[in-house]
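Notes for the one structure printed next.
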Amino acid sequence: MSAELKIGDVARLAGTTPRTIRYYEEIGLLPASEREPGSHRTYAEADVERLTELLRLKDLLGLTLEELKELVEAEGARAELRREWRGGVEDPVRRRQILEESLGHIGRQLELVRRRRDEIARLESELTARRRRVRGLLRELDGEPAAG
């Protein structure tokens, strides 16, 4: 893949539109591309990967843009903490702070994922009950006794 991609190329590779990319930049989900005034936006392969991951998470979890932003911000904060940790923090107090902050970010991410999982479980339960009722009605039409 070329080092510099135009917005249309990125949109095509990620399966979205240039308008979505510009909006994601505007709200801070994607870093704004570097460009001179009047020139075309250009992107790198890493930008395509990030956009693809954002779209996958949004679709997979059914997230709002605000929730997606919250998830991404928590991941960015964790990445910063990892860089600091790997940089060789020797102060035990700071090491503890890094780990505790990381736990907080992970907790927020888990809360968001679990909330979506619970919503899906409720929907599954509702659909299962509906299917059971419809099957019961079909059995009644066929002259079979209703299941108890």
Side-chain angles (χ1 to χ4, degrees), residues 1-35 40-87 89 93-148:
M1 194 178 296
S2 143
E4 290 190 356
L5 299 164
K6 291 184 180 174
I7 194 168
D9 298 325
V10 174
R12 183 180 44 77
L13 290 167
T16 191
T17 64
R19 182 176 179 184
T20 295
I21 295 170
R22 286 190 291 272
Y23 186 64
Y24 277 27
E25 286 177 354
E26 183 181 316
I27 64 173
L29 282 170
L30 288 173
S33 67
E34 300 287 324
R35 66 181 174 136
H40 291 285
R41 288 175 160 101
T42 58
Y43 301 86
E45 183 175 344
D47 296 315
V48 176
E49 291 170 7
R50 179 177 171 97
L51 177 60
T52 302
E53 182 66 10
L54 289 170
L55 294 169
R56 185 181 77 83
L57 285 170
K58 185 177 183 306
D59 185 51
L60 177 68
L61 297 174
L63 300 174
T64 66
L65 289 177
E66 191 59 39
E67 290 169 327
L68 183 60
K69 190 172 181 183
E70 182 182 332
L71 194 69
V72 167
E73 286 171 352
E75 189 58 36
R78 286 184 52 235
E80 193 59 41
L81 290 169
R82 276 193 305 275
R83 277 191 288 280
E84 184 179 351
W85 179 272
R86 290 177 182 154
V89 176
V93 172
R94 180 60 190 145
R95 290 172 63 87
R96 175 172 286 286
Q97 287 172 337
I98 290 171
L99 294 173
E100 288 173 350
E101 286 179 41
S102 189
L103 273 178
H105 294 302
I106 292 168
R108 281 189 291 287
Q109 290 174 307
L110 276 171
E111 180 184 326
L112 205 151
V113 169
R114 286 176 176 155
R115 192 169 53 235
R116 288 299 178 198
R117 180 200 59 204
D118 293 346
E119 289 172 13
I120 290 170
R122 278 191 299 276
L123 176 60
E124 179 183 19
S125 179
E126 290 171 15
L127 291 172
T128 300
R130 287 177 191 161
R131 181 176 63 185
R132 197 172 21 254
R133 283 191 304 273
V134 169
R135 284 182 173 161
L137 292 170
L138 280 171
R139 280 192 299 277
E140 285 177 23
L141 287 176
D142 290 339
E144 298 176 21

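This structure is a prediction, so every number in the text was calculated from the model and none was measured.
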With a 4.5 Å heavy-atom cut-off, do [X] and [Y] have their side chains touching?
X: Thr42; Y: Leu5; result: no
X: Leu81; Y: His105; result: yes
X: Leu65; Y: Tyr23; result: yes
X: Arg115; Y: Asp118; result: no

Can a salt bridge be assigned to the pair [X] and [Y] using a cut-off of 4.0 Å between side-chain N and carboxylate O?
X: Glu67; Y: Lys58; value: no
X: Lys69; Y: Glu66; value: no
X: Glu100; Y: Arg96; value: yes
X: Arg108; Y: Glu73; value: no
X: Arg114; Y: Glu111; value: no

Rounded to the nearest 0.5 Å, what separates atom [atom1] in [X] from atom [atom2] in [Y]?
X: Glu70; Y: Leu112; atom1: CD; atom2: CG; answer: 5.5 Å
X: Arg132; Y: Leu127; atom1: CZ; atom2: CG; answer: 11.5 Å
X: Arg86; Y: Ile98; atom1: CZ; atom2: CD1; answer: 11.5 Å
X: Glu119; Y: Arg122; atom1: CD; atom2: CZ; answer: 5.5 Å
X: Leu57; Y: Glu75; atom1: CG; atom2: CD; answer: 9.5 Å
X: Glu25; Y: Tyr43; atom1: CD; atom2: OH; answer: 3.5 Å

Donor-acceptor pair, distance only, cut-off 3.5 Å: does the side chain of [X] make one with the backbone of [Y]?
X: Asp47; Y: Ala44; answer: yes
X: Arg78; Y: Ser102; answer: no
X: Thr52; Y: Val48; answer: yes

Any idea which heavy atoms bring [X] and [Y] closest together, and the distance?
X: Leu55; Y: Ala14; value: CD1-O, 3.5 Å
X: Val89; Y: Arg95; value: O-NH1, 3.0 Å
X: Arg50; Y: Val72; value: NH2-CG1, 3.1 Å
X: Pro18; Y: Gly8; value: CG-CA, 4.3 Å

*Go through the steps to decide whether Asp142 and Arg139 satisfy the test side chain to side chain contact (heavy atoms under 4.5 Å, CB included), and finish with yes or no.*
CA-CA 5 Å; Asp142 290 339; Arg139 280 192 299 277; 5.6 Å; no
*Indicate whether any N or O donor in one side chain lies under 3.5 Å from an N or O acceptor in the other, for Thr17 and Thr20.*
yes
